[in-house]
Amino acid sequence: MRTLCSGVSRGTETLVFRGGVPVSQHSMMRAPFQEGDFPGPLKYGYLNVGVVEEGPSALLGRTVFCLYPHQTHYVVPASAVTPVPDSVPAPRAVLAGTVETAVNALWDAAPLVGDRIAVIGAGMVGCGVAAILARYPAVRVQLVDADPARAATAKALGVDFALPQDALGDCDLVVHASATEEGLARSLELLAPEGTVIELSWYGDRQVSLPLGEAFHSRRLVVRSSQVGAVSPARRARRTFADRLALALDLLADPAFDALITGESAFEELPEVLPRLVSGDLPALCHRIRYAPADG
């Protein structure tokens with residue numbers, strides 16, 4: 001494999017970079033082709049798009065997606081790569097892992113026609129969920145974030161935007177992806193009685209407080225976790241990991257997803273880029289890494 005481009009999954013990769021993976025989750029959080037052990041040094045990442053330079057004839061010369069870290073060349077089993085559809089440009093295909101997470105979350109959430117839905121947290125995953133929900137018939141979808149600049153992203157994805165204090169309530173479903181206590185508490189406030197929060201945030205080694213007093217029980221609210229490490233129970237009997245990833249790549253034919261790519265740097269610049277992403281000095285959704293073209 002020769003890498004064409006890769007993506008920095010900002011939430012997880014910056015948490016790994018700062019050493020925030022709890023000891024209890026060291027095994028669960030290993031990337032498929034990780035080298036080294038937490039807290040580090042280690043090679044980590046899982047949004048890689050490349051071209052097959054040596055391999056089976058059916059894959060030779062194909063552009064493929066692989067859950068591989070940031071690296072110029074690598075060798076993996078043929079079963080570890082998924083061909084990128086001709087309808088999806090390679091630079092956009094780095095979002096496949098993010099959209100796969102969104103697909104799994106919506107399998108868990110099972111939204112219905114006409115639902116009132118809020119997606120709280122306009123990061124990579126939250127925007128991915130909102131972009132797919134924009135295709136659902138007759139739903140009311142709001143993308144909610146404390147950063148007013150995310151309104152432009154919501155518009156590009158075809159969904160309404162609101163600041164947390166202005167978000168519409170009486171929601172049947174809230175998908176929470178802000179990774180903040182305030183966002184999770186606001187998620188509960190926006191629910192209709194017997195509504196559900198799908199919790200997509202991963203807090204690493206941080207403790208989170210949640211207001212489960214007051215009307216939480218009398219309104220019979222539900223908080224349910226969703227995580228991409230296993231196929232949703234709603235589809236596990238009929239869909240494989242490969243099926244889920246192939247579906248995510250098919251969805252990426254929609255150019256609206258380009259709104260999730262908010263910056264780009266050369267591979268050689270990664271040692272300077274990652275600390276800036278961690279500190280927030282370089283704000284980003286998905287930060288794409290470009291690689292030098294093949295010689296000749």
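Remember, predicted model here, so these are calculated numbers, not experimental data.
- By the 4.5 Å heavy-atom criterion applied to side chains, Val231 and Phe241 are counted as neighbours.
- In plain terms, the two heavy atoms of Ile198 and Ala109 that are nearest each other are CG1-CB, 3.7 Å.
- Residues Gln71 and Lys43 bring a donor and an acceptor atom of their side chains to less than 3.5 Å of each other.
- Counting only distance, with no hydrogens or angles, the side chain of Glu264 and the backbone of Ile289 share no donor-acceptor pair below 3.5 Å.
- Arg236 CZ: more than 12 foreign heavy atoms inside a 6.0 Å radius.
- At a threshold of 4.5 Å between non-hydrogen side-chain atoms, the residues Pro111 and Val139 do not count as touching.
- Side-chain contact between His26 and Val21 is present, with heavy atoms from C-beta onward closer than 4.5 Å.
- Heavy atoms of other residues, nucleotides or ligands lying less than 6.0 angstrom from CD of Glu214 number 12 at most.
- Taking CG from Leu200 and CG from Asp108, the interatomic distance works out to 8.0 Å, rounded to the nearest 0.5 Å.
- A side-chain donor-acceptor contact under 3.5 Å links Ser178 to the backbone of Thr180.
- Side-chain contact check for Leu60 versus Arg62: every heavy-atom pair is 4.5 Å or farther apart.
- Within the 4.5 Å cutoff, the side chain of Phe216 has heavy atoms near those of the Val223 side chain.
- Here the side chains of Ile261 and Val94 are in contact, with some heavy-atom distance below 4.5 Å.
- Side-chain N or O atoms of Asp115 include none that pairs as donor or acceptor with a backbone N or O of Leu173 at under 3.5 Å.
- Considering all non-hydrogen atoms of both residues, Ala146 and Leu163 come closest at O-CD2, 3.9 Å.
- Between Pro69 and Tyr46, the closest side-chain pair of non-hydrogen atoms is not below 4.5 Å.
- Lys155 NZ: 12 or fewer foreign heavy atoms inside a 6.0 Å radius.
- Distance alone, capped at 3.5 Å, places no donor-acceptor pair between the Gln142 side chain and the Val144 backbone.
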Inset, instruction - Take Cys66 and Val76, measure what side chain to side chain contact (heavy atoms under 4.5 Å, CB included) needs, and give me the verdict at the end. - result: CA-CA 9 Å; Cys66 186; Val76 293; 4.3 Å; yes
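- Remark: of the listed residues Leu285, Asp258, Val49, Leu252, Leu252 is the sole one forming a side chain to side chain contact (heavy atoms under 4.5 Å, CB included) with Leu95.
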Inset, instruction - Show the numbers, then the answer: is there a side chain to side chain donor-acceptor pair (under 3.5 Å) between Thr262 and His287? - result: CA-CA 6 Å; Thr262 53; His287 194 85; 5.7 Å; no
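- For His217, the NE2 atom counts as loosely surrounded, since its 6.0 Å shell holds 12 or fewer non-hydrogen atoms of other residues, nucleotides or ligands.
- Using a 4.0 Å cut-off between charged side-chain N and carboxylate O, Asp254 and Arg135 make a salt bridge.
- Of the N and O atoms on the side chains of Ser232 and Asn104, not one donor lies less than 3.5 Å from an acceptor on the other residue.
- Side-chain atoms of Arg288 do not come within 3.5 Å of backbone N or O of Gly7 as any donor-acceptor pair.
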Inset, instruction - Show your working on side chain to side chain contact (heavy atoms under 4.5 Å, CB included) between Arg30 and Asp37 and close with a plain yes or no. - result: CA-CA 8 Å; Arg30 286 193 68 86; Asp37 298 311; 3.0 Å; yes
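- Considering all non-hydrogen atoms of both residues, Ala162 and Ala167 come closest at CB-CA, 3.9 Å.
- Side-chain contact between Pro211 and Glu189 is absent, with no heavy-atom pair separated by less than 4.5 Å.
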Legend entry - Derivation and outcome, side chain to side chain donor-acceptor pair (under 3.5 Å), residues Ser27 and Gln25: CA-CA 6 Å; Ser27 175; Gln25 297 300 301; over 6 Å; no
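- Within 6.0 Å of CG on Asp281 lie more than 12 heavy atoms contributed by other residues, nucleotides or ligands.
- In this structure, Arg140 contributes its side chain and Ala118 its backbone to no donor-acceptor pair below 3.5 Å.
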Inset, instruction - For the pair Phe267 and His70, evaluate side chain to side chain contact (heavy atoms under 4.5 Å, CB included) and give the outcome as yes or no after the intermediate values. - result: CA-CA 8 Å; Phe267 172 70; His70 311 282; 4.3 Å; yes
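- Judged by distance alone, with hydrogens and angles left aside, the side-chain atoms of Arg244 form a donor-acceptor pair with the main-chain N or O of Val228 at under 3.5 Å.
- Among all heavy-atom pairs drawn from Glu181 and Ser209, the shortest one is OE2-N, 3.0 Å.
- A side-chain donor-acceptor contact under 3.5 Å links Arg150 to the backbone of Ala122.
- Judged by distance alone, with hydrogens and angles left aside, the side-chain atoms of Arg116 form a donor-acceptor pair with the main-chain N or O of Asp170 at under 3.5 Å.
- Note on Leu184 and Val119: separate hydrophobic clusters, where clusters join Ile, Leu, Val, Met, Phe, Trp and Tyr whose side-chain heavy atoms are under 4.5 Å apart, directly or indirectly.
- In this structure a side-chain-to-backbone donor-acceptor pair under 3.5 Å is missing from Thr153 to Ala149.
- Residues Ser201 and Glu199 have side chains that bring a donor and an acceptor to within less than 3.5 angstrom of each other.
- The residues Arg238 and Asp243 are annotated as not salt-bridged, no charged nitrogen and carboxylate oxygen being separated by less than 4.0 angstrom.
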Inset, instruction - Apply the test side chain to side chain contact (heavy atoms under 4.5 Å, CB included) to residues Asp160 and Val141: give CA-CA distance (whole Å), side-chain angles for both, the deciding distance (0.1 Å), then the verdict. - result: CA-CA 7 Å; Asp160 291 335; Val141 183; over 6 Å; no
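- Within a 6.0 Å radius of CD in Gln165, other residues, nucleotides and ligands contribute more than 12 heavy atoms.
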Inset, instruction - Begin with the C-alpha distance, continue with both residues' side-chain angles, and end with the deciding distance and a verdict on side chain to side chain donor-acceptor pair (under 3.5 Å) for Tyr44 and Thr12. - result: CA-CA 10 Å; Tyr44 198 88; Thr12 301; over 6 Å; no
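- Residues Phe257 and Ala131 approach most closely at CE2-CB, 3.6 Å, considering heavy atoms.
- Between Tyr68 and Phe33, the ring planes lie tilted relative to each other; the angle falls in the 30° to 60° range.
- Between Val273 and Ser265, the shortest heavy-atom contact is CG2-OG, 3.4 Å.
- Atom-to-atom distance recorded for Glu13:CD and Leu47:CG is 6.5 Å, nearest 0.5 angstrom.
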